[in-house]
Amino acid sequence: MSEERSLNFLEEIIEQDIREGKNQGRILTRFPPEPNGFLHIGHAKSICLNFGLAAQYNGKTNLRFDDTNPLTEDTRYVESIKEDISWLGFKWDKELYSSDYFEQLYQFALILIRKDKAYVDESTSEAIAVAKGTLTEPGVPTPGRLRSVAENLLLFNEMKQGKYADGEMVLRAKIDLASPNMQMRDPLMYRIRHARHHRTANKWFIYPMYDFTHGQSDSLENITHSVCTLEFVTHRDLYNWFIKELDIFPSQQYEFARLNVNYTVMSKRKLLQLVNEGFVSGWDDPRMPTISGLRRRGYTPASIRNFCEKIGIAKRENIIEYSLLEFCIREDLNKTAWRRMAVLDPIKMVITNYPADVSEDMVGENNPEADGGEGYRNLPFCKDLWIERDDFMEEPSKKFFRLGVGLMVRLKHAYIVKCDSFLKDKNNKITEVHCTYIPESRSGSDTSGINVKGTIHWVSALHAKIAEIRLYDHLFQIEDLSGEEADFKEYINPESLTSLSNAFIEPDLGNAINGKSYQFIRKGYFTLDSDSLPGNLIFNRTVTLKDASSKGNKKI
RNA sequence: UGCCCGAUAGUAUAAUGGUAGUACAACUGUUUUUGGUGCAGUUUGUCUAGGUUCGAAUCCUGGUCGGGCAACCA
């Protein structure tokens, strides 16, 4: 209990609120996604924050879909969002929709019109933009600003009844056209959209804007702490203005810096382009930074939650290194993933002094990190094996601990072998490595007294199963995509996906379970892809193992 | 050019006027039948100029740099 964990700025605010008895100490947060795309790792940060704060201080969190734009939103996205939040391990209190408040919001608008705090404006969108002025010059009124309350009421009601076409008029708040905060220069409250909404169907012809929806939705739900990202800082004045003018529960908005991760993009708009234009196979492509993509890639909920914990919460712009995400998944999987052997890029090894018609079973523990190893599996061994192509070097360097003519290695869970010769085809490509094994060196009963520096993995050529293995690299070639707007796609990494269709896996992996992760010894963590079928196994590489071997070689 | 945020090792994040710490990354050693894991260690930092103070990363002022705001998107 003496452990001192420092508080982030939101925890400090909340603890102060509790100390001061604000809202009787009640804490209610919300996670407010717009159902117009899939959730990504940046949303995970927000989810962990909102649900985490509530859990920490005895509060609750609502899931509220911010669905005020019928043109982009879809129930399909609602379903994926719910699945992703649940998968991450969070439970919302209430499932709500901004569209549930459309009638209430309409009533709020009427109140503001009657107070002469809102007016119908039939200016074009361009004219309104011009009249708002610029960052350095104040705005000027449009003709609609002078309209009487009675006429505003009439026109707004006609807007609601569908009497006008899209874009013909809007409802605006009457605040201050000279405000240094552009958001306060008579912002739009309602626009006309003759469009079908995913929940209210064709009931409405007018739809409220974000600013006229979000704060009041928070207020209606009695949200105490409405946490959003930094780009909404300038909206806070407006958020408070509507609440004050309507005299409703004063929810408060706080802003934190959104998550960025290097070598990827974190904008639904850009991710949607990658999907629509076929750069990836879908929202859940394992290269995508989406929750569903990470899940398919083999990331676990715990690893993502841990990542969100480690990155911290603050108000400055940040780009987190991808390697931190990789650390988090390795940390989790190292403790839990069962070890298996798979040869991704095979060459044949022939053990010349091993009888041709014999095989014997070796045993390998499932998990060396767990007490008792979590059991064992059999590894059939015979004269012909598959080993990794790069575990053999024709002219090995001094620091190469693996195979070359005259060198010895341990075959993991089996014998020590000595390399005698190798064969090449006419293209000068190595096809076979010939070795002799040391019978007394059998794993577990080694009396040979020989110590070897290297251990390599292998599978029996007679018993191995074949599989496709998909290797992934960064989606983009540059770290920071923030400066690249229109042309971000030019930086897509053409080698972000490598598919190996001729890999050999140990027999037990034929029983690989969907959703379970395996460590392919010395190669990384892998999981079955959702494209996989019983007779056509496909594994995704989640992440490689940390590899210090390249350093040793570089030095020579 | 107006308003608003922000600035601590390569990347993040603490230190709330009193020893600049932690994680990742990098590097070294050690253990190891995974060049994995574990363990031990090393390197690297307060944007700048003034001011207040016994004492400033912290408070004040000016500057510099980065970001946001002028969608009928959220």
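Lettering of chains follows the sequences in order, A, B, ..., and the numbering in each one begins at 1. Not measured: the values here are computed from a predicted model.
- In this structure, A:Glu255 reaches neither bases nor backbone, as no heavy-atom distance under 4.0 Å exists between it and the strands shown.
- Using a cutoff of 4.0 Å between basic side-chain nitrogens and carboxylate oxygens, A:Arg258 and A:Glu231 are scored as salt-bridged.
- Partner assigned to B:A57 is none, using Watson-Crick or G-U wobble distances below 3.5 angstrom.
- A:Phe401 comes within contact range of at least one nucleobase, with a heavy-atom separation under 4.0 Å.
- Where A:Leu324 and A:Thr124 each meet RNA chain B at their nearest nucleotide, the meeting point lying more 5' is that of A:Leu324.
- Ion pairing of A:Arg522 with A:Glu388 is absent here, as no side-chain N (NZ or NE/NH1/NH2) approaches a carboxylate O to less than 4.0 Å.
- Within 4.0 Å (heavy atoms only), A:His413 reaches at least one base atom of the nucleic acid.
- Atom name C1', nucleotides B:A7 and B:U58: the rounded distance is 14 Å, in whole Å.
- Base engagement by A:Leu188 is indicated by at least one non-hydrogen atom pair under 4.0 Å involving a base atom.
- The nucleotide B:G36 finds no pairing partner, because no Watson-Crick or G-U wobble arrangement with both distances shorter than 3.5 Å includes it.
- Between A:Ser441 and A:Phe327, it is A:Phe327 whose nearest contact on RNA chain B lies nearer the 5' terminus.
- Nucleotide B:G63 has B:C47 as its partner under the Watson-Crick or G-U criteria, with both atom distances under 3.5 Å.
- Nucleic acid contact class of A:Thr544 (heavy atoms, under 4.0 Å, all strands): none.
- Backbone-only engagement by A:Glu317 is indicated by non-hydrogen atom pairs under 4.0 Å involving sugar-phosphate atoms exclusively.
- Judged purely by distance below 3.5 Å, without hydrogens or angles, the side chains of A:Asn366 and A:Arg340 pair a donor atom with an acceptor atom.
- Counting any heavy atom pair closer than 4.0 Å across all strands shown, A:Asn318 reaches sugar-phosphate atoms only and no base atom.
- Across all strands shown, A:Glu34 has heavy atoms under 4.0 Å from sugar-phosphate atoms exclusively, and none from any base.
- At least one side-chain heavy atom of A:Thr68 sits less than 4.5 Å from a side-chain heavy atom of A:Phe102.
- Residue A:Met169 is out of contact with every strand shown, counting any heavy-atom pair closer than 4.0 Å.
- The pair A:Arg377-A:Asp508 does not count as a salt bridge, with every side-chain nitrogen at least 4.0 angstrom from each carboxylate oxygen.
- Residue A:Tyr190 is classed as having no contact, given no heavy-atom separation below 4.0 Å to the nucleic acid.
- B:U33 and B:U13 have their P atoms separated by 41 Å, with the value rounded to a whole Å.
- For B:A23, the paired base is B:U11 (Watson-Crick or G-U wobble, both distances below 3.5 Å).
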